[in-house]
Amino acid sequence: MIPFIDLQAQQKRIKPQIDRAIAGVMAHGQYIMGPEVAQLENNLAEYVGSRHCVVVSNGTDALSMALMAFEVGPGDAVITTPFTFFATVEAIMLRGATPIFADIDPDTCNIEPQEIQNAIHRSRQQGLVPRGVIAVDLFGLPADYDRINEIANRENLFVIQDGAQAFGAETFGPELEVRKCPNHATIGTTSFFPAKPLGCYGDGGAVFTNDDSLAKMVRSIRVHGKGADKYDNVRLGLNARLDTIQAAILIEKLKIYPEEFETRQQVATEYRERIQKVNETIESPDMKIRFQATPKNGRSAWAQFIIQSPQRDEIANHLKSRGIPSVVYYRTPANLLQACANLDGPPMPHSEKVSRRILALPFHPYLDVTTIDLVVQALEEVVSVSQVSKG
Ligand SMILES: *Cc1c(COP(=O)(O)O)cnc(C)c1O
């Protein structure tokens, strides 16, 4: 059986370092806010090029904390994409605020900046105050922050970058200067859930910002709204710390991340080249397999490698019969989820169409070409059979 994401391959590679890191924490015994936590924050901030990094309990809390730092609450609208993991939307609703959806660009699967303007208008129509935007870098691909930030500046909105799937993904500026995710907005968040590009061995997350006062606020929120200490509570907060053991593990995993990031690019290229050949055998343009658009001016973190096809379910079933796992991200856009049934809003045609066609293939930096060949061959079998049956 081929694994969808092979975490064992990485573990085998760095097991002695991880064992030593965990043993180090056991030896000093500072399980909460031990020295590894501050060290990891420094390493992550340096890697991303951000002034501040605050490591936290998970990627969902990171989003909640960002919204708390902007003092979002009832009567506020936060504009976001419906084509995301529910956590993005949930964080907004848990603050008592209202998510207003802006549809995606079907090629990138990320929020379409043009739709944000429309969503601002709809927020006001509903009697809400549009406060900000949460953009998601879906499957590792950075959203279009040049345009998102421009609209947000004009409309006086904050921007939160949900980089849960995109840690370390890159965009290149006009002088080819590199900007790494999630450092494209006022606050960026990420997740260290084990299956994310940079994962720990449990739950974890981080908040990034270049703003000193927001960083201070997030540090306070992380420990019950602490002031001078945790018994001097100056605001409502959470218990949202990252365990020292997870920090120690992440310090080791971050060391090999740059290399894994490069391998992810290679695996994606191998997939694309092979699937492109399959596409050449498909006559009807509608039936061709589509990829997530790759940026000319950047690089995805490839949290997932997705395809879009009208034969999605046939493909998934056939792969399964060959022992190849695949996953549908996301079967239901947030605007159609039961948890959002009380929200008003128009249909989201692009998200709804993509949700019927999308399929994620096995992907991780240790995927070899033999396995890629097996996956693509199985894919080709479905497509060629349907060509013949139509012929
Ligand atoms: C995984 C994920 C989250 C939540 O992260 P957790 O660490 O699981 O809480 C939020 N947003 C997106 C887009 C995600 O993929």
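Counting starts at 1 for both ligands and their atoms, following the listed order.
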Participant: If you measure every N/O of Thr60 against every N/O of ligand 1, is any gap under 3.5 Å?
Facilitator: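 Between Thr60 and ligand 1, an N or O pair is found under 3.5 Å apart.
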Participant: Under a 4.0 angstrom heavy-atom cut-off, which atoms of ligand 1 come close to Ala164?
Facilitator: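 Selected atoms, number and element: 2 (C), 3 (C), 10 (C), 11 (N), 12 (C), 14 (C), 15 (O).
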Participant: Give the contacting part of Asn58 toward ligand 1: side chain, backbone, both or neither, where contact means a heavy-atom distance below 4.0 Å.
Facilitator: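 Within the 4.0 Å criterion, Asn58 contacts ligand 1 through backbone and side-chain atoms alike.
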Participant: Below 4.0 angstrom from a heavy atom of Val136, which ligand 1 atoms are there? Numbered from 1 as shown, please.
Facilitator: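 Selected atoms, number and element: 13 (C).
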Participant: Would you call Val383 and Ile289 a side-chain contact if the rule is heavy atoms closer than 4.5 Å?
Facilitator: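 Side-chain contact under 4.5 Å: yes.
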Participant: Identify whether NZ of Lys or CZ of Arg in Arg272 sits under 6.0 Å from the centre of the six-membered ring of Phe291 and within 45° of that ring's axis.
Facilitator: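 Checked: cation-pi criterion met.
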Participant: Rounded at 0.5 Å granularity, tell me how far CG in Leu138 sits from OH in Tyr330.
Facilitator: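 OH of Tyr330 is found 5.5 Å from CG of Leu138.
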Participant: Distance to the ring centre below 6.0 angstrom and angle to the axis at most 45 degrees; does that hold for Lys226 and Tyr231?
Facilitator: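 Relative to the ring axis of Tyr231, which defines the angle, Lys226 lies outside at least one limit.
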Participant: With respect to Gln165, determine whether any N or O atom, backbone or side chain, lies less than 3.5 Å from an N or O atom of ligand 1.
Facilitator: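 Looking only at distances, the answer is yes, because the N/O contact criterion of under 3.5 Å is met.
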Participant: Evaluate Tyr330 for polar contact with ligand 1, using N/O atom pairs at a separation under 3.5 Å.
Facilitator: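 Checking ligand 1 against Tyr330, no N or O pair falls under 3.5 Å apart.
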Participant: If I apply the N/O under 3.5 Å rule, does Gly59 come out as touching ligand 1?
Facilitator: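 Yes, at least one N or O pair falls under 3.5 Å.
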Participant: Please identify which atoms of ligand 1 are closer than 4.0 Å to at least one heavy atom of Thr84.
Facilitator: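 In order of number, 13 (C).
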Participant: Taking the basic N atoms (NZ, or NE/NH1/NH2) and the acidic carboxylate oxygens, is any pair closer than 4.0 Å for Glu270 and Arg274?
Facilitator: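 Judged by the 4.0 Å cut-off on N to carboxylate O distance, Glu270 and Arg274 do form a salt bridge.
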Participant: Atom 2 (C) of ligand 1: which protein heavy atom is closest, and how many Å away?
Facilitator: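 Ranked first by proximity to atom 2 (C) of ligand 1 is Lys196 NZ, 2.6 Å.
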Participant: Which of the atoms of ligand 1 are close to Ser191, meaning less than 4.0 Å from one of its heavy atoms?
Facilitator: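 The list of qualifying atoms is 5 (O), 6 (P), 7 (O).
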Participant: Taking the side chain as everything from C-beta on, heavy atoms only, tell me whether Arg235 gets closer than 4.5 Å to Ile221.
Facilitator: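 In contact.
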Participant: Mind checking whether Phe167 and Tyr257 have ring centres under 6.0 Å apart?
Facilitator: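 Yes - the distance between ring centres of Phe167 and Tyr257 falls below the 6.0 Å cut-off.
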Participant: For atom 11 (N) of ligand 1, what is the nearest protein heavy atom, given as residue, atom name and distance?
Facilitator: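 Checked against all protein heavy atoms, atom 11 (N) of ligand 1 sits closest to Asp162 OD2, 2.8 Å.
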Participant: What about Met348 and Val89, same hydrophobic cluster or not, with Ile/Leu/Val/Met/Phe/Trp/Tyr joined at side-chain heavy-atom distances under 4.5 Å?
Facilitator: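 Same hydrophobic cluster.
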